[in-house]
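So the structure is just underneath, and the comments pick up after that.
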Amino acid sequence: MKHGVKFAICMTLAASINCSPVSAIEQCRFIQAKADREACYERQEIELAAKRKARESENAPLKPLEKRDPEDIQLSKSLRSICRGC
């Protein structure tokens, strides 16, 4: 039984290495037809640009929904001083 478990782990590891995104990028260079190879590179470029754009939008600072009035700020300060330890 131990041999079967080791075999399953090795097969899972090999499958995860073969399915990595790097191997998907490397596959384009093995396409023989020039038009197909260039189309493959273009698809990858579009996918990478979309990933970069998504990553940039995740890191963008959040804007406040609405501006706070000075009156609201003063009220929250006074309530904070009243309710200490509540």
Side-chain angles (χ1 to χ4, degrees):
M1 180 156 174
K2 290 182 182 180
H3 180 67
V5 173
K6 287 181 183 179
F7 179 74
I9 291 172
C10 288
M11 292 304 291
T12 304
L13 182 62
S16 67
I17 290 172
N18 288 335
C19 295
S20 68
V22 173
S23 66
I25 293 172
E26 293 293 321
Q27 290 177 0
C28 284
R29 69 181 182 154
F30 295 115
I31 298 174
Q32 296 297 320
K34 184 177 180 179
D36 292 339
R37 184 174 56 245
E38 289 177 356
C40 179
Y41 284 132
E42 287 178 17
R43 283 192 304 271
Q44 287 179 352
E45 187 176 328
I46 292 169
E47 289 174 9
L48 287 174
K51 286 180 184 178
R52 285 185 196 121
K53 188 174 182 179
R55 201 174 301 135
E56 287 174 3
S57 66
E58 288 175 358
N59 295 336
L62 298 175
K63 296 179 181 178
L65 298 176
E66 58 184 53
K67 299 279 184 180
R68 292 182 64 188
D69 293 330
E71 197 173 295
D72 290 339
I73 296 170
Q74 186 64 31
L75 179 64
S76 65
K77 285 181 182 178
S78 66
L79 286 175
R80 204 174 317 137
S81 65
I82 292 171
C83 294
R84 290 204 190 263
C86 292

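No hydrogens, no waters, no symmetry mates; every other heavy atom, side chains included, goes into these values.
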Let me confirm one number: the CD-CG distance from Q74 to L79, rounded to the nearest 0.5 Å. 10.5 Å

According to side-chain contact (heavy atoms from CB on, under 4.5 Å), who are the partners of K34, at least two apart in sequence or on a separate chain? R37, E38

Let me see the working for S78 and L75 under side-chain contact (heavy atoms from CB on, under 4.5 Å), right down to the final yes or no. CA-CA 5 Å; S78 66; L75 179 64; 4.0 Å; yes

Can you name the residues that form a side-chain contact (heavy atoms from CB on, under 4.5 Å) with I46, not counting sequence neighbours? none

The criterion is side-chain contact (heavy atoms from CB on, under 4.5 Å); which residues satisfy it with D72, sequence neighbours excluded? D69

